[in-house]
Amino acid sequence: MLTRITGGRVIDPAHGRDGVGDVWFEDGRIVPPPTGRAADASYDAQGAIVLAGGIDIHSHIAGSNLNTARLLLPDLRRDGSFDGAPASFEIGRLYAQMGFSLVVEPAISPTVAMQAQLELAAIPFIDRAILAVVGNEDFLFHLMRADDGANAIADYVARALAGSRALGVKCINPGAAAALKANARAFGLDDVVPRWGFSSRAIIHALQQAVATTGVVHPLHLHCSNLGLPGNVETALATIEAAEGRPLHLAHLQFYAYGTEGPRKFSSAAPRLAEAVNREKNITVDVGQVMFGQTVTVSCDVLRQFNGRHSAHPRTWSIAEDIGNGGGVVPFRYRRTSFANAVQFAAGLELFLLIDDPTRVFFTTDHPNGAPFTTYPDLFALLMDRELRAQWLATLPQEAVAMTTLPAIAREYTWPEIAMMTRTAPARLLGLVDRGHLAPGARADIAVYRPQADRAAMFRHAALVFKDGVLVARDGEVTTPRFGRVLHSSPGFDRAIDTRLAGFFEDTYGVPHRAFDVAAELVGGTEHFEVVPCRS
Amino acid sequence: MGAVVLRLKAPPPWPLDLAALQPAALAGKSADEIARMTLGRVAVGDVFAVSAGDAAELVLQGGSPLLDCVGAGMQSGTLLVEGAVGALAAAGLRGGRLEVRGDAGDHLGGAAPDSRMGMSGGVVLVRGNAGARAGDRMRRGLLIVEGDAGPEAAGGMIAGTVAVCGAVGAAPGVLMRRGTLLLGTPAVAPPPGFIVGRLAGDGTFLRLLARALHAVSPRAGECVAAVQHRWLGDLAALGKGEILVTGGQAIPQHQRSG
Amino acid sequence: MFELVDAEAALDGRPAPLPQGIAAAAALLAGAAAPVIAGLRTDAAGAVAAVALARRLGAVLDHAESEAVLRDLDAMRIGGWIVTTPAQARAFADLVLIVGDPAPDVLAALALERPPMLDAEQRPRRVLRLAAGETLAVRLGLLRALAKRREVAAPHDLVTLAEALAGARYGVVVWSAAQLSSLAIEMLCGLIEDLSAATRYAGLPLPAPGNAAGVAQALGWETGFPFRIAFRDGMPRHDPVHYEATRMVASGEADAVLWLDALGGGPPPWRKQVRLVALAPPGTRFADPPEVALAVGRPGIDHAGALFHPVAAAVLAALPTAPLPRPTAADLLGRIQAALPAC
Amino acid sequence: MPELTRNGVRIDDTFAEAFDMRATALVITAHDARWARQAALTMTGFATSVIGCGVEAAIDAELDPDATPDGRPGARVLIFAASTSELQRQLQARVGQCVLTSPGSACYAGLDGAERLRLGDALRYFGDGWQISKRLDGRRYWRVPVLDGEFVCEGTTALTKLAVGGGNLLLLGRSSAATLRAAEAVVAAVAATPGAIAPFPGGIARSGSKVGSKYPAAIASTNDAFCPTLLGLVRSSLDADTAAVLEVVIDGLTPQAVGEAMRAGLAAAVALGPEVGAYRVSAGNYGGKLGRHHFHLKDIV
């Protein structure tokens with residue numbers, strides 16, 4: 001069926017397009033304006049903004065840790081107001097309403113990938129992907145000691161991607177979860193894992209190299225050490241330096257934008273971080289914006305969650321150790337009246353606004369850690385409206401606002417910048433050639449927003465949302481559920497790594513390694529998956 | 001018009017969850033509207049004869065141990081039951097007043113199903129006996145059982161006051177963090193996890209407590225007047241709770257070294 | 001006594017072709033005022049299909065072993081918990097406290113006779129035991145008080161145990177919720193929390209049979225809640241007291257039950273007469289023939305299925321050990337749902 | 001100045017000029033009336049004038065056991081300050097130093113209202129973590145372990161912003177003794193009026209003041225117009241035979257309470273007559289520029 005969206009302001013930074021025009025699509029793909037054929041269906045977009053479908057590169061939408069959050073907090077969900085851990089179906093519905101068409105779950109240990117893939121299979125409307133977590137497994141440390149270390153690690157990483165059907169590689173507080181098992185309670189960039197003697201820095205280097213060797217497009221996606229601690233800007237700056245020019249993605253940078261200025265020894269250091277990111281072109285970041293309200297923190301940074309469990313609100317938590325990272329679930333409420341939370345809120349916005357290049361800063365709340373993804377509409381509105389920011393700031397503790405530069409920042413995101421940050425750039429970062437833009441050949445993942453005075457309302461309910469050319473949401477109402485694809489990489493590797501893995505796993509853990517592999521036939525079959533090519 | 005009155009017409013067919021029958025929510029509703037409300041598979045009108053009222057006051061005439069969750073989650077108003085109630089009466093109650101002129105089941109004033117916190121305010125008075133785990137995880141408020149209570153009364157209590165004028169079952173106050181459990185039946189030794197403590201010499205607090213309890217239940221007020229012992233625990237938990245006990249022979253003061 | 005033999009279906013004990021069995025099941029369930037889907041001994045796909053059917057019917061969902069699972073979940077919700085997996089315990093635990101008498105299969109996977117696999121010094125493990133029983137919660141309370149160095153009067157064995165616990169570098173406390181009161185589990189979680197102030201401790205709650213943990217996970221992502229869910233207007237509600245299948249059957253509230261037992265755990269536990277659709281593997285014996293019985297394949301034996309792996313403590317793919325072309329629970333539930341009259 | 005005479009006592013046609021203040025009330029109890037009074041007196045000591053003490057405070061009434069929350073003898077004290085923050089600061093310091101320390105004492109809110117000041121909520125930390133909170137009948141109490149048992153203290157007390165300070169009567173006598181007798185009679189009458197107190201020693205101030213001074217650092221100085229020894233040197237308000245002047249300053253929880261107390265005090269002074277007590281009664285004001293409450297003597301006589 002040939003479909004046409006007419007008369008909207010079409011913004012596609014990938015091809016320098018920004019102007020009133022039409023978008024045509026057929027059989028799930030964008031097509032050039034046909035000659036001599038009339039559209040079978042036409043949608044009027046006059047006065048509206050037409051973008052590619054949104055892409056969220058870092059949102060916890062699946063996996064046993066998130067599911068623990070669901071089971072931990074049934075009472076919060078009873079009145080329907082808590083979006084920290086929606087059921088799988090709701091995740092798809094809520095994202096689709098906002099005009100998103102791809103969401104990446106960034107923290108799945110290969111040993112729990114099967115469940116994560118089952119959960120992804122239950123999320124309708126959008127495409128999905130996971131990143132596989134490595135960096136705290138004894139097997140990795142074992143390989144780091146081996147003579148053929150570098151190659152073996154690359155094989156191991158490729159094998160982990162294959163077994164878990166993951167798109168890229170995530171590393172979370174490298175070494176810290178292993179150190180916690182030996183009763184460490186703090187772990188920085190140059191601390192070493194007891195028994196093995198490897199520092200966080202060494203693990204990051206090894207994994208950056210491995211990712212490069214596999215050819216996976218998405219760079220190592222790193223959750224640094226010392227998350228959330230005052231003064232941790234030094235950790236983030238040192239980590240940026242440690243990358244030595246190689247590609248590195250730093251996740252939820254806001255949680256590392258803290259200095260120790262001021263009477264409470266807690267301040268925003270976002271300007272320093274933004275400056276470093278502006279300078280180091282190999283670095284990409286997502287923000288992990290904090291928004292106020294009840295949420296639940298869900299993280300494979302088990303050391304951080306272990307240390308933070310007593311700040312839980314409500315007072316309950318689950319700290320679960322596992323092969324590699326494990327995970328912790330700690331409910332938390334960000335309060336407008338809290339000095340620290342207000343600084344966090346402002347620091348996130350400072351990062352968004354002080355990092356010049358919208359292709360290297362990505363739009364996230366680290367759902368649900370900074371806030372549920374359902375707060376995105378408010379966040380978009382804040383980025384695009386200086387006056388609105390001033391109104392929010394006026395409601396915060398002024399001694400906290402004074403610890404930030406936010407009041408002085410005049411920048412307002414433009415539509416092309418929003419499109420770049422949430423469409424064009426994330427598709428490139430993930431190595432997707434047919435998503436995030438509107439040129440012929442792209443998947444017909446399209447979001448149409450109708451401008452209105454309340455920008456948040458506009459973003460909450462896109463006027464029209466197409467996924468693979470099918471209308472899936474209109475003014476906030478979703479259509480009959482349909483399912484997108486799960487994207488993954490499939491780098492080659494030497495099968496010899498399987499033998500080493502098998503021996504290590506069976507002896508150490510009493511479980512054959514192959515038992516952890518995702519069985520495609522149980523999660524929708526091969527049609528359900530889409531391979532994203534590696535660099536050759 | 002006054003109170004809304006629901007008269008039990010016949011024993012309920014199976015356990016009914018009455019949490020929806022909140023006094024404040026029923027005030028001003030017509031008898032028809034109330035009768036049409038559903039309790040799972042049955043309508044209120046199938047089980048109760050309804051007479052409407054305009055006050056935040058609800059009277060249940062006739063009781064049954066199959067009436068669960070009576071006054072559960074209540075925030076205001078008064079609810080009087082002229083008979084017995086089942087499990088989870090006053091569970092998660094936050095305000096208002098519930099009086100049961102009969103026995104109550106398990107988890108009286110405890111945590112509502114699917115919740116982690118017991119009652120957090122208000123006043124509950126049970127003229128008869130209560131089942132197991134009365135006042136479980138209670139956070140605030142006053143819960144008085146004029147009869148006996150089952151095992152694990154005031155278990156996991158966070159704060160508040162539970163008074164049991166009659167006997168209690170095993171392990172009263174187990175995992176108690178803070179709060180007061182008043183026992184009207186003389187007991188001789190503290191339960192496990194509790195140590196023998198001291199009453200404050202001036203008795204000022206007991207005077208305040210007696211006055212507050214007496215206003216709700218003279219019998220409970222008299223129990224305070226007869227308090228002779230104070231036990232502290234549960235030392236397995238935070239250990240800042242107290243059990244106040246009337247009469248009986250206390251074991252000797254626990255001797256600490258130094 | 002009725003035994004479901006290797007026929008596709010049986011109606012009141014008489015063999016019938018599958019389409020007839022599906023139609024009868026759909027008719028029975030569609031006509032019920034308060035249907036319950038119970039048992040739920042199935043794989044992830046079966047659980048997902050059961051949720052869809054329950055949503056459609058407005059039915060209650062409960063698992064045969066939900067009591068034990070909810071006891072563990074309650075302990076987690078009430079005060080938080082720190083837990084680990086058998087695989088981790090095998091690799092790291094230098095002290096294992098076994099509470100009660102858990103099933104030996106998972107214990108065997110811990111290889112307690114060997115030193116912890118990833119312990120640098122390879123010192124032998126210390127294995128301690130604490131008997132379950134009525135007074136366990138009280139004894140655990142005293143143990144906790146001792147572990148906090150509070151001066152409570154306690155029996156000598158607990159004093160010795162408290163001293164031993166303090167000496168661990170990575171202690172693991174193993175229990176099986178089916179054997180313990182919820183209070184005892186809460187005490188154990190509290191003990192682990194207290195000990196974790198100075199050293200490392202973690203709980204190891206062993207999973208209940210019937211893939212209860214796996215089904216709890218599936219219900220979690222499908223509905224946001226574990227067992228004892230009802231659907232009203234398509235929205236799930238969770239009430240561990242009022243949506244307990246056994247109680248609903250005993251009180252007469254439930255008027256039809258779909259008993260789902262793809263893992264061969266046996267017939268329903270209740271004696272009360274209630275209209276019954278049973279999905280069970282051939283060989284299952286019932287006291288009375290169910291109105292509708294459908295033969296179902298066993299995940300991990302007859303066909304592949306996602307099941308909770310007790311040693312990995314994760315939902316993993318279980319490949320068939322002896323593949324047979326029997327319908328899966330998800331197939332049958334989907335077909336029943338498709339056969340329901342249009343609403 | 002036109003004059004009014006009652007029972008031979010001249011009453012100036014002038015007014016007392018009073019100011020808005022913040023105030024609170026406490027009920028302090030103890031084993032017996034003596035120790036309740038002792039705690040109350042100690043915590044209201046050095047509370048004569050906001051200028052030098054931060055607050056003005058005194059016992060409003062002694063309470064029978066049936067009038068206190070815990071059924072023990074007690075005293076109600078009133079405390080006045082110029083700002084809420086100063087009132088909070090002084091409340092905490094005075095209750096902490098003078099009531100918490102006093103044997104067998106307990107301390108409760110003496111005023112109801114929505115705006116609250118921290119009482120036990122601020123003092124509980126003395127319990128070093130062993131303090132216990134208890135809510136009964138909608139009120140929160142703290143139980144703080146102390147050497148003789150528990151200090152029971154209500155969590156908060158109410159704040160009123162309707163309070164008035166600076167009501168006053170100036171008593172002019174033909175002898176020092178007669179002037180003092182008149183002032184004592186006024187103080188007794190004020191004490192019997194609920195909701196009003198007379199700060200200063202025994203309720204009496206001999207150092208009536210005016211605003212300002214020749215010394216730039218001093219914000220107030222002696223009211224020279226009423227100083228008998230300065231007669232003839234300054235512009236005086238006194239008569240030739242005035243031997244002494246004493247002032248009774250009155251603070252009340254409401255303007256009405258101040259008015260009632262002044263009315264009762266003036267009546268008491270009048271009742272004594274000019275021979276035994278004051279021959280003339282006046283009042284202090286600043287020309288009506290500083291305070292919005294003006295109590296005209298002709299209206300209350």
Side-chain angles (χ1 to χ4, degrees), chain A residues 62 64 66-68 70-75 77-78 80 85-90 109 111-115 117-119 121-123 138 180-183 194-195 306 309-310 312 314-323 326 328 330 505 507-511 515-519 521-523, chain C residues 43-45 48 73 76-92 108-111 117-120 169-170 193 196 198-200 202 214 216-226 235-238 240 299 304-306 308-309 311-319:
Chain A
S64 47
L66 182 72
N67 217 34
T68 297
R70 296 185 179 112
L71 301 182
L72 183 67
L73 303 165
D75 47 334
R77 210 172 29 253
R78 206 169 348 176
S88 301
F89 183 91
E90 289 299 294
S109 291
T111 49
V112 294
M114 182 66 203
Q115 175 169 335
Q117 291 287 1
L118 286 165
E119 291 190 38
I123 299 175
D138 289 276
L180 177 65
K181 286 166 188 166
N183 205 24
R195 184 183 179 203
F306 180 89
R309 69 193 188 281
H310 292 131
R315 254 189 78 82
T316 179
W317 57 81
S318 169
I319 304 297
E321 290 204 295
D322 201 350
I323 298 166
V330 180
F505 265 67
D507 188 49
T508 309
Y509 304 119
V511 188
F516 294 100
D517 286 347
V518 170
E521 70 267 33
L522 295 178
V523 286
Chain C
D43 57 355
V48 169
L73 286 179
M76 170 177 83
R77 288 172 186 168
I78 283 160
W81 73 4
I82 302 169
V83 291
T84 190
T85 64
Q88 274 301 296
R90 175 182 166 110
F92 286 101
L110 298 183
M117 309 299 164
L118 292 173
D119 185 294
R169 287 187 299 182
Y170 193 104
E193 180 65 33
S196 296
T199 183
R200 286 307 319 278
Q217 289 291 326
L219 267 53
W221 78 68
E222 287 291 319
T223 71
F225 301 108
M235 295 301 292
R237 286 157 206 271
H238 171 50
F308 192 82
H309 191 293
V311 180
V315 175
L316 301 180
L319 302 178

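Just so it is clear: chains get the letters A, B, ... in the order the sequence lines come, proteins before strands, and each one is counted from 1.
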| field | Proximal component of C:Thr85, with respect to chain A [non-hydrogen, under 4.5 Å] | value | both
| Do the side chain of A:Arg195 and the main chain of C:Leu118 share a donor and acceptor less than 3.5 angstrom apart? | yes
| query | Rounded to the nearest 0.5 Å, what separation is found between the CG atom of A:Leu180 and the CZ atom of C:Arg200? | reply | 4.0 Å
| message | Given heavy-atom pairs under 4.5 angstrom as the criterion, report whether the side chain, backbone, both or neither of A:Thr508 touches chain C. | response | both
| task | Let me know if A:Asp517 has heavy atoms under 4.5 Å from chain C in its side chain, its backbone, both or neither. | result | backbone
| Of the listed residues (A:Lys181, A:Glu90, A:Gln117), which shares the most heavy-atom pairs with chain C below a 4.5 Å separation? | A:Lys181
| Contact winner vs chain A - C:Gly220, C:Pro236, C:Ala218, heavy-atom pairs under 4.5 Å | C:Gly220
| query | Who among A:Ala113, A:Ser88, A:Ala122 has the most heavy-atom pairs with chain C under 4.5 Å? | reply | A:Ser88
| message | At a 4.5 Å cut-off on heavy atoms, which part of A:Leu522 comes close to chain C: side chain, backbone, both, or neither? | response | side chain
| request: Go through the atoms of A:Ala515 and report whether side chain, backbone, both or neither lie under 4.5 Å from a heavy atom of chain C. | output: both
| Test ring pair (Phe, Tyr, Trp, His ring centres under 6.0 Å) applied to A:Trp317 - qualifying residues, sequence neighbours left out | A:His310
| task | Output the option from C:Ala45, C:Gly305, C:Ala313, C:Ala111 having the highest count of non-hydrogen pairs under 4.5 Å with chain A. | result | C:Gly305
| said: Is C:Phe225 close to chain A through its backbone or its side chain, or both, or neither, when contacts mean heavy atoms under 4.5 Å? | reply: both
| said: Taking side chain as everything from C-beta outward and backbone as N, CA, C, O, which of these in A:Arg77 sits under 4.5 Å from a heavy atom of chain C? Side chain, backbone, both or neither. | reply: side chain
| Would a 4.5 Å heavy-atom cut-off, applied to side chains only, mark A:Glu321 and C:Val83 as touching? | no
| query | Does any heavy atom of chain A fall under 4.5 Å from the side chain of C:Ala304, the backbone, both, or neither of them? | reply | both
| task | Please look at C:Ala87 and chain A and tell me whether the side chain, the backbone, both or neither of the residue comes under 4.5 angstrom of a heavy atom of that chain. | result | both
| query | With a 4.5 Å limit on heavy-atom distance, are the side chains of C:His309 and A:Phe516 in contact? | reply | no
| said: As an exercise: rank C:Leu73, C:Thr223, C:Thr199 by heavy-atom pairs under 4.5 Å with chain A and give me the winner. | reply: C:Thr199
| said: So which residue, C:Ala109, C:Ala312, C:Gly214, ends up with the most heavy-atom pairs under 4.5 Å with chain A? | reply: C:Ala312
| message | I'd like to check C:Met76 versus A:Leu72 (side-chain heavy atoms, cut-off strictly below 4.5 Å). Are they in contact? | response | yes
| Note, C:Met117 side chain near A:Asp138 side chain (heavy atom, < 4.5 Å) | no
| field | Region of C:Leu110 in contact with chain A, defined by heavy-atom distances below 4.5 Å | value | neither
| message | So for A:Phe306, is it side chain, backbone, both, or neither that comes closer than 4.5 Å to the heavy atoms of chain C? | response | side chain
| query | By side-chain hydrogen bond (donor to acceptor under 3.5 Å, both in side chains), which residues pair with A:Glu521, not counting sequence neighbours? | reply | none
